[in-house]
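All ligand and atom numbering here is 1-based and tracks the order in the structure. The analysis underlying the following values was restricted to heavy atoms, covering all of them including side chains, and did not include hydrogens, waters or symmetry mates.
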Amino acid sequence: MCGIVGYTGHQPAQKIVIESLKKLEYRGYDSSGIATKEDKLVICKKEGPIANMESILPKSSSNLAIAHTRWATHGVPSDTNAHPHTDGDNSVAVVHNGTIDNYLAIRENLEKEGYNFKSESDSEVLPILISKYYAGDLVEALNKTLADIQGIFTIAVIHENHPDEIVAVRHETPLIIGVGNSENFIASDIYAVLKYTQQIVYPEDNQIVRVTPESIELFDFDLKSIDYEVETVEKYTEVAEKGGYEHFMLKEIFEQPKALQDSLTELLVDSPLERLGLNWKIGSISIVACGTSYHAGLVGKYVIEQLTAIPVSVGYSSEFRYAAPVQGVGGLLSSRPLVVLISQSGETADTLAAARSAKQQGCHTIAICNVPGSRITREVDGVIITKSGQEVGVAATKTFLTQMQALYALGVHLAFNSGSLDHPQLKLWESEIRKIPSKITQVLNNSEAIKALVPHFVKAKSAFFIGRNINYPLAMEGALKLKEISYIHAEGYPAGELKHGPLALLSKETPVLAIAMQDHTYSKLVSNIEEVSARSAPVITLCQKGDQQIPKISDSYFELPEIDPVLSPFTVAVFLQLLSYYVAHELGTEIDKPRNLAKSVTVE
Ligand code: F6R
C-alpha cells in the first residue's frame with residue numbers, strides 16, 4: 001500500500017526520492033507524486049506508474065523532497081487524488097499512508113470556514129489543517145492537527161518556510177528514518193533507503209519526527225523530546241533486482257532453495273526455544289495471520305499437533321478480535337497460552353492489531369517475519385526471522401516456504417522440549433528438514449512439465465484445488481496463487497467436501513487439481529478424483545514419483561520427488577506457484593503487481 005519517502009541533504013533530492021520510491025513499487029500503487037522546494041513548493045503527480053510522473057517532472061535544484069505512491073482508499077486513482085496534497089496557498093505539502101476516519105466531518109467544518117478542496121481524498125484535510133495551525137513551527141502545527149484527526153496514518157510534511165526540514169509522524173502504519181552523512185531520509189520501509197544507508201532509526205507509534213540534513217529529533221504528542229537508537233541493518237537485506245528473470249515472482253520462486261538454506265541456521269541451532277522465551281509447558285497455541293501466511297499457519301497446525309499433542313488453533317488476523325478470549329487466559333488452563341503471529345512484511349495492520357489484542361490478553365507472543373526491524377518484530381515477545389531476502393512480487397512465494405519451515409522447526413523443538421521426541425528423533429527431523437532445498441530443486445528443474453499443464457487452465461473461468469490433511473492448506477494456497485495473478489476464479493477445498501456442494505459446479509470447463517500424496521489419505525483422495533472424473537471435469541493430479549494408479553485416473557499428472565508426506569507441502573507449493581505463474585504468463589497479466597492488490601497491507 002501507499003509508499004512514502006523523503007530526503008533532506010546536500011544532493012539533488014528529486015533523483016534520490018524517485019529512485020527510492022521505485023524501491024517501494026512492490027507495495028502496490030496506482031499513482032505517484034513528488035513535492036520539492038524550489039523558490040516555492042512545486043508539486044508533480046500523475047496517475048499510473050512512476051514513469052508517468054517522471055515524464056512530466058520539471059527541472060529541480062531542490063535538496064528537499066517528499067514523494068508518494070498511492071493505493072486508492074478514498075477516491076478513484078487519478079492525478080487529482082494522487083499525493084502530495086497541498087493547502088490552498090501551496091505553502092504546505094503532505095503525503096499520507098493510512099486513512100483519516102473522521103475526514104468528512106473535518107472537511108465540512110473547514111468548508112464552512114471558507115477552505116476549498118480539490119480532491120476526493122481523505123488526506124487533503126491534512127495540509128489544510130496544518131496550514132491553519134501553522135505559526136512558525138511545523139512540529140507544533142502537525143501536533144495540533146493530530147488532535148483533530150482519527151484513523152491510522154504515517155504523514156510526512158514539508159513547508160515552504162523550512163527549506164531543509166521534513167516533519168513526519170506515525171500512528172499504526174510504518175515509518176523509518178535512514179541516517180546519512182549530512183543527509184537524512186524518511187521512508188515507509190528500509191528497502192527504500194538501503195542503497196544510501198544501512199543506519200536506521202525506527203520511530204515508535206505516536207512519535208513525531210523532525211529531520212534536517214544534520215539533525216534527527218523525535219517527540220511525543222506532548223512535544224517532549226525522546227531519545228532514539230540508530231540500528232545497523234544486516235547486509236543480507238539487499239535491495240532486490242530481477243537478475244535476468246522476466247518477473248520478480250519467477251526469480252523468487254527459483255530463489256527458494258537458497259531462502260530455506262539461509263533461514264535454517266537461526267531455526268535449528270542456538271536453543272531456539274530459549275531465545276523465544278518459551279521456557280514453560282505450553283498448554284495451547286493460537287496461530288494468527290492473513291492470506292498466504294495464514295495458509296502456512298494451517299500447515300503448522302498439522303505439524304505441531306502431530307508432533308507435540310499441543311492443541312493449535314489457526315485464525316485470520318482480521319477476525320481475531322471478535323473471537324472468544326484465547327484459551328487458557330483467565331480460564332481453566334493454568335498455562336500461559338502462546339500466540340504465533342505470521343507476517344512476512346511485519347507491517348500488516350490486521351496482524352498487528354491481533355498481536356496487540358493477544359498481548360492485552362496476557363498471551364506470550366512470537367512473530368515469524370521476514371523483515372527485521374519491522375513493526376511486528378518490535379511489539380512481540382520473541383521473533384523468528386526468516387531469511388528469504390526481500391520479496392518484491394506481490395504474490396508471496398519464498399516467504400511462504402520459509403514460514404512453513406519455521407513452523408516445522410518450532411514444532412520439532414517444542415516436541416523435543418516436552419519429551420515427545422527424543423534426541424535421535426530430533427536429529428532425524430533436523431536432517432529431513434535440511435533435505436527440503438534439494439527436493440524442491442528437483443521440482444524447479446522440471447518446470448517444462450509444469451508448463452505443459454497450462455492448457456488445462458487458460459480457458460477456464462473457474463478451477464478447484466483439492467487436498468486432504470496437511471495438503472488441504474496447500475489446495476487453498478494453490479487457489480489463492482492462481483486467482484491473484486491469473487484472475488481465474490479458483491477455490492481450495494478439502495477433497496472430501498466437494499460432494500457437499502461444489503460438485504454442482506463441475507463440468508468439462510472446470511479443471512480440478514488434486515494433491516494425492518502417499519499417506520493415510522491416499523485411497524480417499526483416489527475416490528474423490530473418481531467422483532470428479534464422473535462429472536467430466538478434467539483432473540490434473542499431483543502425485544509422488546512411481547505412483548501406478550494416478551496416471552490411470554487423471555487427465556494429466558505431475559510426479560513430485562519422493563519425500564516423507566509430512567514434508568510434501570514444500571514440493572507441492574513450488575509446483576503450485578510455478579503452475580500459477582505459467583498460466584498467468586500465458587494470459588499476459590501483470591504478474592508482479594496484480595490489479596487491486598498491495599504487498600504491504602497497512603490498513604485494516
Ligand atoms: C498472497 C499474499 C497475501 C499475504 C497477506 C499477508 O500471495 O501475499 O495474501 O500473504 O497479505 O501478508 P503478510 O505476510 O505480510 O502479513
Checklist entry - Does a side-chain N-to-carboxylate-O contact under 4.0 Å join Glu204 and Arg375? => result yes
Item to check | Nearest-neighbour protein heavy atom for atom 11 (O) of ligand 1, which is reported as residue plus atom name and distance | outcome: Val601 CG2, 4.1 Å
Next on the checklist: Among all protein heavy atoms in this structure, tell me which lies nearest to atom 7 (O) of ligand 1, with the distance rounded to 0.1 Å.
Outcome noted: Glu484 OE2, 2.5 Å
Checklist entry - Salt bridge between Arg356 and Asp205, side-chain N to carboxylate O under 4.0 Å? => result yes
Item to check | Heavy-atom nearest neighbour in the protein, as seen from atom 5 (C) of ligand 1, with distance rounded to 0.1 Å | outcome: Cys290 O, 3.7 Å
Item to check | Residues Glu477, Lys481: salt bridge by 4.0 Å N-O rule | outcome: yes
Item to check | Phe570/Tyr408 aromatic ring centres below 6.0 Å | outcome: yes
Item to check | Glu347 near ligand 1 by a heavy-atom separation under 4.0 Å | outcome: no
Item to check | Shortest protein heavy-atom distance from atom 15 (O) of ligand 1, along with the residue and atom involved | outcome: Ser345 OG, 2.7 Å
Next on the checklist: What I want to find out is whether Lys359 reaches Asp381 closely enough, with some N-O distance under 4.0 Å, to be called a salt bridge.
Outcome noted: yes
Item to check | Atoms in ligand 1 with a heavy atom of Ser293 nearer than 4.0 Å | outcome: 10 (O), 13 (P), 14 (O)
Checklist entry - Is there any N or O on Lys599 that sits under 3.5 Å from an N or O of ligand 1? => result no
Item to check | Under 3.5 Å: N/O of Ala395 near N/O of ligand 1 | outcome: no
Checklist entry - So, Glu229 and Arg378, do they make that salt bridge, N to O below 4.0 Å? => result no
Item to check | Ring centre gap for Tyr26 and Phe248 strictly below 6.0 Å | outcome: no
Next on the checklist: Using 30° and 60° as the class boundaries, would you call the ring planes of His74 and Tyr103 parallel, tilted or perpendicular?
Outcome noted: perpendicular
Checklist entry - Do any nitrogen or oxygen atoms of Thr351 lie less than 3.5 angstrom from nitrogen or oxygen atoms of ligand 1? => result no
Checklist entry - Of all the non-hydrogen atoms in the protein, which one sits nearest to atom 16 (O) of ligand 1, and at what distance? => result Thr348 OG1, 2.5 Å
Checklist entry - Taking NZ, NE, NH1 and NH2 as the nitrogens, is one of them in Glu448 or Lys451 under 4.0 Å from a carboxylate oxygen of the other? => result yes
Checklist entry - For atom 10 (O) of ligand 1, what is the nearest protein heavy atom, given as residue, atom name and distance? => result Thr292 N, 3.1 Å
Item to check | Region of Val394 that comes within reach of ligand 1 [heavy atoms, distance under 4.0 Å] | outcome: backbone
Checklist entry - Under 4.0 Å from any heavy atom of Ser343, which atoms of ligand 1 are there? => result 13 (P), 14 (O), 15 (O), 16 (O)
